[in-house]
Amino acid sequence: MSHITLIRHGQANTGARDEASYDCLSDLGHQQAVWLGDHLRGSGSHYPRVYCGTLNRHIETAASIGYADVVRDARLNEMEYFTLAEAMRDQHGLPIPEEREGFVEHLPKVFAAWAAGEIAEPYESWESFETRTRQVLAEIAAGEGPALVVTSGGLISVAMRQAMGLDTAATARVTLAIMNTSMHRLFPIGGHWSPVLFNAVPHLEAPDRHFAQTHL
């Protein structure tokens, strides 16, 4: 098993309230990714294999980091959170938040209902999301050399759930914590994944970049 470094995409369209309009980087999102690329090159990090999902925000992030030639795999795509949120509104009367503070309470409720099968006819089941996350990371890990994977916060949190045996509530808390362009590393120890890095943003630690440590 080769170790995998997961990177969440840069800040996307924070004003969006649907999947299509969310799926593009903001100017800050591009800058976050450029800074990350500078950090990786400056630290001598070498990734012979680079992957990303097929969403625009994944592809744009990889390109701004400096990786234009990447393997795109739809299994690395994010859950459709806005689609799930609309289902929760329509089926359970749960309003969709307008600000980040509202999502802190909203996301755990969506995760709990989704995992429990309480959302009728979801676009994708919780089990399917977990399965594709497990399968694609296992396939990437079977390759030669370390891999860098540009994806989204939900997939990263499920990868951590599987590595650490987290329950659904803890998985939701992990999702909320993940910053844009943060790095997370899974390392094989004893035949199992162990997280050796979580939510690292060394490229945003300088005082004049603190403003760029975003969650949404």
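Counting from 1, the numbers follow the sequence of the chain as shown. What you see below is based on every heavy atom in this structure, not just the backbone, and it leaves out hydrogens, waters and symmetry mates.
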Requested in this report: Would you check if the side chain of Arg8 reaches a backbone N or O of His215 as a donor-acceptor pair within less than 3.5 Å?
Outcome: yes

**Report entry** Ser26 side-chain N/O to Gln11 backbone N/O, donor-acceptor pair under 3.5 Å
**Finding:** yes

Query - Steps toward side-chain contact (heavy atoms from CB on, under 4.5 Å) verdict (Leu186, Trp193) - result: CA-CA 6 Å; Leu186 296 172; Trp193 287 121; 3.4 Å; yes

Requested in this report: Evaluate whether atom CD of Glu101 has more than 12 neighbouring non-hydrogen atoms of other residues, nucleotides or ligands under 6.0 angstrom away.
Outcome: yes

**Report entry** Straight-line distance of Leu197 CG to Thr5 OG1, nearest 0.5 Å
**Finding:** 7.0 Å

Requested in this report: State whether the side chain of Glu60 and the backbone N or O of Leu25 hold a donor-acceptor pair below 3.5 Å, judged by distance alone.
Outcome: yes

Query - Common cluster, Trp35/Ile178, ILVMFWY with side-chain heavy-atom separation under 4.5 Å - result: no

Query raised in the report: Taking it one step at a time, do Arg134 and Val158 satisfy side-chain contact (heavy atoms from CB on, under 4.5 Å)?
Result: CA-CA 9 Å; Arg134 182 182 297 107; Val158 167; over 6 Å; no

Query raised in the report: Under a 4.5 Å cut-off applied to non-hydrogen side-chain atoms, are Glu86 and Ile96 in contact?
Result: yes

Query raised in the report: What is the distance from atom CD of Gln31 to atom OG1 of Thr181, rounded to the nearest 0.5 Å?
Result: 10.0 Å

**Report entry** Flag side-chain contact, heavy atom, 4.5 Å: Arg89 against Leu94
**Finding:** no

Requested in this report: Check the pair Val70, Val150 against side-chain contact (heavy atoms from CB on, under 4.5 Å), reporting the backbone distance first and the verdict last.
Outcome: CA-CA 10 Å; Val70 302; Val150 178; over 6 Å; no

Query raised in the report: Is it true that Arg57 and Glu78 have a side-chain N and a carboxylate O under 4.0 angstrom from each other?
Result: no

Report summary line: What one should report as the nearest heavy-atom pair of Arg41 and Ile65 is NH1-O, 2.8 Å

Query raised in the report: Taking atom NE2 of His92 as the centre, does the number of heavy atoms from other residues, nucleotides or ligands within less than 6.0 Å exceed 12?
Result: yes

Query raised in the report: Between Asn56 (side chain) and Cys24 (backbone), is there a donor-acceptor pair under 3.5 Å?
Result: no

Query raised in the report: Side-chain contact, heavy-atom cut-off 4.5 Å: His39 with Glu205?
Result: no

Query raised in the report: Is the shortest heavy-atom distance from the side chain of His58 to the side chain of Ser152 under 4.5 Å?
Result: yes

Query raised in the report: Going through the checks in order, is the side-chain contact (heavy atoms from CB on, under 4.5 Å) test met by Cys52 and Ile59?
Result: CA-CA 7 Å; Cys52 74; Ile59 297 166; 4.1 Å; yes

Query raised in the report: Does some side-chain heavy atom of Glu144 sit less than 4.5 Å from a side-chain heavy atom of Pro48?
Result: no

**Report entry** Met160 CE to Thr133 OG1 distance, which is reported to the nearest 0.5 Å
**Finding:** 12.0 Å

Query raised in the report: Could you state the interatomic distance from CH2 (Trp126) to CD (Glu118), rounded to the nearest 0.5 Å?
Result: 13.0 Å

**Report entry** Donor-acceptor under 3.5 Å (Ser2 side chain, Gly143 main chain)
**Finding:** yes

Query raised in the report: Do other residues, nucleotides or ligands put more than 12 heavy atoms under 6.0 Å from the CG atom of Asp69?
Result: no

**Report entry** Plane angle bin for His9 and Tyr22 - parallel if under 30°, tilted between 30 and 60°, otherwise perpendicular
**Finding:** perpendicular

Query raised in the report: What do you reckon, is CD of Glu105 surrounded by more than 12 foreign heavy atoms closer than 6.0 Å?
Result: no

**Report entry** Shared hydrophobic cluster for Ile4 and Leu40 (ILVMFWY, side-chain gaps under 4.5 Å)
**Finding:** no

Query - Hydrophobic cluster membership, Tyr81 vs Met88, 4.5 Å side-chain cutoff - result: yes

Query raised in the report: Do the ring planes of Tyr123 and Trp114 sit parallel (below 30°), tilted (30 to 60°) or perpendicular (above 60°)?
Result: parallel

Query - Ile140 side chain reached by Arg49 side chain, heavy atoms, under 4.5 Å - result: yes

Report summary line: Scanning both residues in full, the closest heavy-atom pair of Phe103 with Pro108 reads O-CD, 4.0 Å

Report task. Look only at the side chain of Gln213 and the backbone of Met179, and say whether a donor-acceptor pair between them is shorter than 3.5 Å. Result -> no

**Report entry** Minimum heavy-atom distance Gly93-Pro95, with the two atoms named
**Finding:** O-CD, 3.3 Å

Report task. May I ask you to test the Thr168-Phe111 pair for a side-chain heavy-atom distance under 4.5 Å? Result -> yes

Report task. Look at atom CG of Asp208 and say whether more than 12 heavy atoms of other residues, nucleotides or ligands are closer to it than 6.0 Å. Result -> yes

Report task. Heavy atoms only: give me the nearest Ala159-Leu6 pair and the separation to one decimal. Result -> CB-CD1, 4.2 Å

Requested in this report: Treat each ILVMFWY residue as a node, draw an edge where side-chain heavy atoms are under 4.5 Å apart, and state whether Phe211 and Leu216 are in one component.
Outcome: no

Query - Partners passing ring-ring contact (aromatic ring centres under 6.0 Å, His included) against His3 (at least two apart in sequence or in another chain) - result: Phe187

Requested in this report: Return yes if some donor-acceptor pair links the side-chain N/O of Ser125 with the main-chain N/O of Ser128 below 3.5 Å, else return no.
Outcome: yes

Query - Heavy-atom side-chain contact between Thr83 and Glu124 under 4.5 Å - result: no

Report task. Scan Thr151, Val136, Thr54 and name whichever one has a side chain to side chain contact (heavy atoms under 4.5 Å, CB included) with Arg75. Result -> Val136

Report summary line: Closest non-hydrogen atoms of Arg132 and Ala74, given as atom of the first, atom of the second and distance, are NH1-O, 3.9 Å

Query raised in the report: If only atom types and distance count, is the side chain of Thr61 paired as donor or acceptor with the main-chain N or O of Gly10 below 3.5 Å?
Result: yes

Query raised in the report: Looking at CG of Leu36 and CE of Met183, how far apart are the two atoms once the value is rounded to the nearest 0.5 Å?
Result: 6.0 Å

Report summary line: dist Thr171:OG1 -> Ile156:CD1 (nearest 0.5 Å) comes out at 13.5 Å

Query - Check: Asn199 main-chain N/O paired with Ser182 side-chain donor or acceptor under 3.5 Å - result: no

Report task. Kindly give the heavy-atom pair with the smallest separation between Gln32 and Thr214, and that separation in Å. Result -> NE2-OG1, 2.9 Å

**Report entry** Cluster overlap Val104 with Val110, hydrophobic side-chain contacts below 4.5 Å
**Finding:** yes

Query raised in the report: Do other residues, nucleotides or ligands put more than 12 heavy atoms under 6.0 Å from Glu121 CD?
Result: no

